[in-house]
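Bear in mind that the values here come from a model prediction, so they are computed numbers and not experimental data. The chains referred to below are lettered A, B, ... by the order of the sequence lines, with proteins before strands, and numbering in each begins at 1.
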There are 2 protein chains.
Amino acid sequence: MFKKKNISLAVVRRLPRYLRYVEDLLNHDIMRISSSELSQRMGYTASQVRQDFNNFGGFGQQGYGYSTQVLYENLVKILGLDRNFKMVIVGVGNLGQALANYANFYKKGFRLIGLFDIDPQKVGKTIRDIKIEHIDKLKDFIKKNDVDIGVLCVPADVAQEVADIMVEGGIKGIWNFTAKEIEVKGDVVVENVHLIDSLMVLSYKLNEKLLEKERIK
Amino acid sequence: MFKKKNISLAVVRRLPRYLRYVEDLLNHDIMRISSSELSQRMGYTASQVRQDFNNFGGFGQQGYGYSTQVLYENLVKILGLDRNFKMVIVGVGNLGQALANYANFYKKGFRLIGLFDIDPQKVGKTIRDIKIEHIDKLKDFIKKNDVDIGVLCVPADVAQEVADIMVEGGIKGIWNFTAKEIEVKGDVVVENVHLIDSLMVLSYKLNEKLLEKERIK
DNA sequence: TAGATTGTTAATCGATTAACAATC
DNA sequence: TAGATTGTTAATCGATTAACAATC
């Protein structure tokens with residue numbers, strides 16, 4: 001029933017949003033929903049909703065719609081949230097700390113099991129009961145604990161270097177918060193969060209509006 | 001020379017990446033580049049590079065390529081970075097602090113001029129020479145200082161409420177870090193950064209690899 | 001001028017939307 | 001059964017790639 005061909009990234013990027021809406025429905029005790037109703041709430045077309053879900057095998061019921069519970073369980077499975085991936089954060093600056101304290105990750109089944117930094121002032125301190133270790137111990141830790149995800153929150157100039165250590169340790173995926181585009185060999189998966197890019201897109205849109213107003217004048 | 005029709009969001013989202021690469025070229029004193037060379041470095045096709053740039057009027061030269069300097073200046077202008085937008089951060093928790101200290105924003109011309117929180121413990125403290133004010137003063141501050149961008153780093157359950165205050169104050173754009181989808185009226189621009197969505201996409205990809213391996217066995 | 005590379009039109013590819021038969 | 005809504009095929013739309021004439 002699961003996985004036919006390759007699912008396009010456009011579809012995959014919509015899945016977390018579906019999950020968010022379905023969770024919301026469950027929280028409001030809404031136990032069934034039609035593709036047309038869901039699409040209206042989310043600003044998609046009903047066609048797109050059905051196409052998206054049918055990429056993973058139909059879990060709707062003709063004449064009835066979708067069971068919110070079934071939808072929820074399937075999305076969790078499709079997104080791999082039931083794997084409870086283990087992760088470590090490397091670079092415990094402001095951002096690293098923010099992520100360590102971000103409760104949403106735990107709710108979604110991700111398990112933070114290690115924190116690493118190079119600053120001796122930080123090593124030994126604890127956040128959420130996890131002791132910050134020196135980055136020298138990163139590679140062995142990943143190996144020993146079979147860590148899945150490395151969260152890269154170090155300064156841009158050492159990003160590649162630290163990514164290399166992660167890969168050598170056998171990391172499976174890197175969540176990259178640095179402005180650098182890191183290179184990894186093998187089949188290590190990288191997901192970039194370029195915050196500054198997102199801000200620049202906002203800036204573009206604001207500038208567009210201003211240009212419009214200036215043209216009208 | 002600027003702006004023909006509506007540029008697709010797909011193109012806009014590539015612009016910051018172009019800027020990043022062009023900056024890198026400048027840092028290495030590379031003063032000209034062809035679409036084919038740039039495309040190779042970035043993993044695009046040469047066609048796409050030329051199409052993308054030509055959305056904004058041709059700033060290349062036939063037989064020569066693109067001047068890195070000209071490219072840089074145009075990208076800065078297109079993205080509105082020369083507007084030096086004013087911004088405030090609301091919610092000075094770990095994430096808000098991380099953003100306040102994120103040097104890249106200043107380098108790209110964004111000016112942080114205010115910090116706001118509801119916690120009396122935080123009000124009065126300063127970060128980067130900016131005093132944290134109580135959220136009660138947010139609306140007036142936005143009005144008085146003609147703030148462009150509001151960075152929303154508050155807990156999810158008050159996201160909409162705080163967004164409303166921003167809009168009432170006359171904010172032009174909201175950079176939303178909460179997991180909630182906020183609703184704004186008028187022509188306020190919203191750019192969402194759903195961190196958890198990004199992590200779930202990584203999780204999806206990891207799960208996909210694991211399923212593949214399990215199938216082979 | 002000859003060579004190189006852009007700007008732009010045309011062709012292709014993929015994603016979204018529409019339509020409808022299948023079926024609960 | 002009749003009504004509703006899915007699953008799926010076909011049509012449309014938009015974005016990417018290829019091709020080539022224009023021109024530096």
Side-chain angles (χ1 to χ4, degrees), chain A residues 1-18 21-22 25 30-75 78 201 204, chain B residues 1-18 21-22 25 30-75 78 201 204:
Chain A
M1 169 209 182
F2 255 55
K3 286 303 289 303
K4 294 190 268 188
K5 54 219 148 182
N6 251 35
I7 312 300
S8 88
L9 198 60
V11 174
V12 175
R13 293 211 176 276
R14 282 195 290 271
L15 297 178
R17 192 151 179 266
Y18 281 119
Y21 274 84
V22 169
L25 292 171
I30 298 169
M31 300 318 280
R32 58 179 274 197
I33 188 122
S34 68
S35 59
S36 84
E37 162 107 39
L38 184 58
S39 69
Q40 260 168 40
R41 290 176 186 241
M42 298 185 67
Y44 298 153
T45 62
S47 251
Q48 180 157 66
V49 169
R50 293 203 296 277
Q51 287 279 25
D52 282 349
F53 291 164
N54 270 78
N55 280 306
F56 306 96
F59 27 78
Q61 204 177 326
Q62 276 142 322
Y64 174 89
Y66 298 87
S67 148
T68 350
Q69 189 62 39
V70 170
L71 217 44
Y72 175 80
E73 281 159 17
N74 275 282
L75 285 167
I78 291 164
V201 171
Y204 173 91
Chain B
M1 171 212 183
F2 256 53
K3 287 298 294 300
K4 293 188 270 190
K5 56 219 143 179
N6 250 35
I7 311 299
S8 88
L9 197 61
V11 174
V12 175
R13 294 213 175 274
R14 282 195 290 271
L15 297 177
R17 193 150 179 265
Y18 281 119
Y21 274 85
V22 169
L25 292 170
I30 298 169
M31 301 317 281
R32 57 180 274 197
I33 187 119
S34 68
S35 58
S36 84
E37 163 107 37
L38 184 59
S39 68
Q40 260 167 41
R41 289 176 186 240
M42 298 185 67
Y44 298 153
T45 63
S47 250
Q48 180 159 65
V49 170
R50 293 204 294 279
Q51 288 278 26
D52 281 350
F53 291 164
N54 270 77
N55 279 306
F56 305 97
F59 27 76
Q61 204 178 327
Q62 275 141 323
Y64 175 89
Y66 298 86
S67 149
T68 348
Q69 189 61 39
V70 169
L71 216 45
Y72 174 80
E73 283 160 14
N74 274 283
L75 285 168
I78 291 164
V201 171
Y204 173 90

Pair assignment for C/dC20, Watson-Crick or G-U wobble, requiring both distances under 3.5 Å: D/dG7
Base-pairing assignment for D/dC13 (Watson-Crick or G-U wobble, both under 3.5 Å): C/dG14
Would you mind reading off the distance between [X] atom [atom1] and [N] atom [atom2], rounded to a whole angstrom?
{"X": "B/Asn54", "N": "C/dT6", "atom1": "CG", "atom2": "C1'", "value": "8 Å"}
{"X": "B/Asn6", "N": "D/dG14", "atom1": "CG", "atom2": "C1'", "value": "14 Å"}
{"X": "A/Leu9", "N": "D/dA15", "atom1": "CG", "atom2": "C1'", "value": "15 Å"}
{"X": "A/Phe53", "N": "D/dT5", "atom1": "CZ", "atom2": "P", "value": "16 Å"}
{"X": "A/Met42", "N": "C/dT17", "atom1": "CE", "atom2": "P", "value": "13 Å"}
{"X": "A/Asp52", "N": "D/dG7", "atom1": "CG", "atom2": "P", "value": "12 Å"}
{"X": "A/Tyr44", "N": "C/dT16", "atom1": "OH", "atom2": "P", "value": "10 Å"}
{"X": "A/Glu37", "N": "D/dA4", "atom1": "CD", "atom2": "C1'", "value": "14 Å"}

Point-to-point distance, once rounded to the nearest 0.5 Å, from CG of B/Asn74 to CZ of B/Phe59: 4.5 Å
Interatomic spacing from OH in A/Tyr21 to OG1 in A/Thr68 - rounded to 0.5 Å: 15.5 Å
Trace of the side chain to side chain contact (heavy atoms under 4.5 Å, CB included) decision for A/Leu38 with A/Tyr18: CA-CA 9 Å; A/Leu38 184 58; A/Tyr18 281 119; 4.2 Å; yes
Set of residues satisfying side chain to side chain contact (heavy atoms under 4.5 Å, CB included) with respect to A/Ser34, sequence neighbours excluded: A/Ser36, A/Glu37
Sugar-phosphate, base or nothing in reach of B/Ser36, heavy atoms under 4.0 Å: nothing
Sugar-phosphate only, base, or nothing, as touched by A/Tyr66 at under 4.0 Å among non-hydrogen atoms: sugar-phosphate
Heavy-atom protein contacts under 4.0 Å, nucleotides 18-24 of chain D, coded B base, S sugar-phosphate only, - none: BBB-BBB
Heavy atoms of other groups near B/Tyr44 OH, more than 12 under 6.0 Å: yes
B/Ser8 side chain, from C-beta outward: closest of D/dA15, D/dT6, C/dT16: D/dA15
Closest to the B/Gln48 side chain, choosing from D/dT8, C/dT6, D/dT17: D/dT17
Test side chain to side chain contact (heavy atoms under 4.5 Å, CB included) applied to A/Met42 and A/Val49, step by step: CA-CA 10 Å; A/Met42 298 185 67; A/Val49 169; 5.7 Å; no
Test item: A/Ser67 side-chain N/O and A/Arg32 main-chain N/O as donor-acceptor pair under 3.5 Å: no
